[in-house]
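First comes the structure, then the notes that go with it.
Every value quoted in this text rests on a predicted model; they were computed, and no experiment measured them. Atom set for the values below is all heavy atoms of this structure, side chains included, hydrogens, waters and symmetry mates excluded. Quick note on labels: first sequence line is chain A, next is B, and so on, each numbered from 1.
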2 protein chains.
Amino acid sequence: MDLRHLRYFVTVAEEGHITRAAERLGIQQPPLSQQIRALEEELEVQLFRRKPRGVEMTEAGKALLVDARRILDEVEGALSRAKRTARGEQGRLEVGFTSSAPFHPFVPRVIRLFRENHPKVSLVLEESGTSNLVAALRAERLDVAFIRSAMPKGEGIRVYPLLDEEMFAALPKGHPLARARNEHLKLTYLAAEPLVLYRRASGPGLHDGIVAACRTAGFNPRIVQEAPRITSTLNLVAAGLGASLVPESLRRMRLEGVVFRPLAPRPRLVAPLRLACRSVDHVPAAQRFVALVRREAKVLP
Amino acid sequence: MDLRHLRYFVTVAEEGHITRAAERLGIQQPPLSQQIRALEEELEVQLFRRKPRGVEMTEAGKALLVDARRILDEVEGALSRAKRTARGEQGRLEVGFTSSAPFHPFVPRVIRLFRENHPKVSLVLEESGTSNLVAALRAERLDVAFIRSAMPKGEGIRVYPLLDEEMFAALPKGHPLARARNEHLKLTYLAAEPLVLYRRASGPGLHDGIVAACRTAGFNPRIVQEAPRITSTLNLVAAGLGASLVPESLRRMRLEGVVFRPLAPRPRLVAPLRLACRSVDHVPAAQRFVALVRREAKVLP
DNA sequence: CCATTGCCATACTCATTAGATATGGATTTT
DNA sequence: AAAATCCATATCTAATGAGTATGGCAATGG
């Protein structure tokens, strides 16, 4: 069985006429007669009755015609789907992000953009810590991930810088340091403060950056608690357990009981936003996604 | 595009290994490599990534695999459906019958039998007069028909005798002749009776048989009304408009107000039941039906 | 009623291509 | 480092799809 047989069969069925069908197919009549006959012999079924003026379908032929048309359609559909998938216009893309990533407007914006440009790609979003995200990338449970670390160690992962956010101090409402809302806060003022930080295991990059900055400022931070999610961190701050240091975009949470203050420019403390993917990735949609995100990152202020 | 390509592709995808796939397909490895490559070139899509130990599907390949499997299944299904149709095990069969036919248990029995043996053939039943039925057969609106005439004139129709039923007199309840219920009734007793008969145009065979028998018995029947259906005939008898002559099987109607009496053996008056079909019929299910009905007719008492 | 026409089938040839064999190259395993 | 594994390439053969020529059969038209 060959698709050519089906195509020929459908044409002959439609024309009711081998000679005309051959014309339409751009071949000669005898080969077409032979192919039809070959198909009949293969199926051990007579598909046409030869009449002096053309051919006439048998019942079996009528039954096959319905199926043959559908099959040919499906083949076309399958091919175009395969091509679309190869162009990254279809398929499934699993995107991971750290708990803090979606607060920066850049992340929801590029996701929305991608959905608009590739409506046939079904996006699966997953939130987790940077370490988990990178592991998931390696295990191919994820295709791309928004992370906070500067650079995960280990091969096979490529990380593109997207943007750097200023870090802000998050202070419990009513805290003495929380009064001068919009003024720069020197990091050293936090030396004696109890700190609540995002769990190091989840996001070592951000955590280590904070500790390093504190050391540069001349003190060892007093970390009283670590939370598994950046949002939990802020809730703990609101509960008065201590202060925290979070990326600026977290301000938009407008959490009751938390006051944000910008940090003094030195020591510089920034929260990088990065896009991680496999260095060799064959998921076309992922490549598209990476390209789109990098393009958008460039036009940032 | 060729179904072979799809089959090869599916096998390679399943094995993840061109060499093993070639073994399973019963060909050598190089041609298989070539075919896969040819498929990729035709689609302009990479389907596999060549790895040192086997091959690995791309996203486009995964997308195609799903479709390819389904298409191959559908092709198989289409072929078997075509074969089944050719064997008359599937399709559509339009069966006609005169209004009196279904009262004889033979007709419902063979229809039930056929349904059991050919569950995939959808039966369409249509009631009409013998003349209409034969015309419908010619026009291919029907495939087979149970009729009452001995032989319709004209070419292209073949008629098989199935059985002959005795004719019974149907008398209005309370009619003098209706008293001796189970005794033979001599046809001459009906000479003066008003008769209600099945319309000649609908079933000329039965009608003419009755008139001929009356003439043999020595009288011209006094036909006061003709009804388009045998059941209407009996209703008219019940209403007292006259007597009628109907096939024995009509007795099972047990119509209130009608009394049946067997007729005297001479002149013999029988109602034939016949099966009509086209002499050249290419509907396989019709051939099956005819064969079954004839076989069943032979085992009748 | 015979000649013509239209259409499909058959016979044969040619061109294409699927498949076989041999071999090379890359990478992992031992 | 050698062997093994597996895919790719090159070349040849065989199968087959397509083309050309022709015959046969039934319907149509004088």
Measure from CZ on Arg37(B) to P on dA8(D) and round the result to the nearest Å. 6 Å
Are Lys62(B) and Glu59(B) ion-paired here, with the side-chain N under 4.0 Å from a carboxylate O? yes
dA26(D) P sits how many Å from Arg49(A) CZ, rounded? 16 Å
Using a strict 4.0 Å threshold on nitrogen-to-oxygen distance, state whether Asp208(B) and Arg200(B) make a salt bridge. yes
Measure the shortest side-chain to side-chain distance between Leu162(A) and Val110(A) over non-hydrogen atoms and say whether it is less than 4.5 angstrom. no
For Glu23(A) and dG19(D), give me the distance from atom CD to atom P, rounded to whole Å. 13 Å
salt_bridge(Arg141(A), Glu126(A)) N-O dist < 4.0 Å: no
For Arg50(A) and dA27(D), give me the distance from atom CZ to atom C1', rounded to whole Å. 19 Å
Answer with yes or no whether the side chains of Gln29(A) and Ser33(A) bring together a donor and an acceptor at under 3.5 Å. yes
Examine dC6(D): is either OP1 or OP2 under 4.0 Å from a nitrogen or oxygen in the side chain of Thr19(B)? Give yes or no. no
Under a 4.0 Å N-O cut-off, is there an ion pair linking Arg278(B) with Asp143(B)? yes
Take atom NE2 of His17(B) and atom P of dA8(D), then tell me their distance rounded to the nearest Å. 12 Å
Could you give the CD1-to-C1' distance, from Ile36(B) to dT9(D), as a whole number of Å? 17 Å
Atom CZ of Arg87(A) with >12 non-hydrogen neighbours under 6.0 angstrom: yes
dA8(D) phosphate, OP1 or OP2: any side-chain N/O from Ser33(B) under 4.0 angstrom? yes
Without decimals, in angstroms, what is the distance between Glu56(B) CD and dC6(D) P? 15 Å
Could you check whether Lys120(B) pairs with Glu89(B) (Lys NZ or Arg NE/NH1/NH2 to Asp/Glu carboxylate O, under 4.0 Å)? no
Between dC7(D) atom P and Ile18(B) atom CD1, what is the distance in whole Å? 5 Å
N-O pairing of Arg70(A) and Asp73(A) below 4.0 Å: no
Quick one: which protein N/O atoms are closer than 3.5 Å to N/O atoms of nucleotides 15-19 of chain C? Pair and distance per line, please.
unit_1, atom_1, unit_2, atom_2, d
dA18(C), OP2, Gln35(B), NE2, 3.2
dA18(C), O5', Gln35(B), NE2, 3.1
dG19(C), OP1, Tyr8(B), OH, 2.7
dG19(C), OP2, Tyr8(B), OH, 3.4

Using the 3.5 Å cut-off, write out each protein N or O paired with an N or O of nucleotides 24-30 of chain C and the distance between them.
none

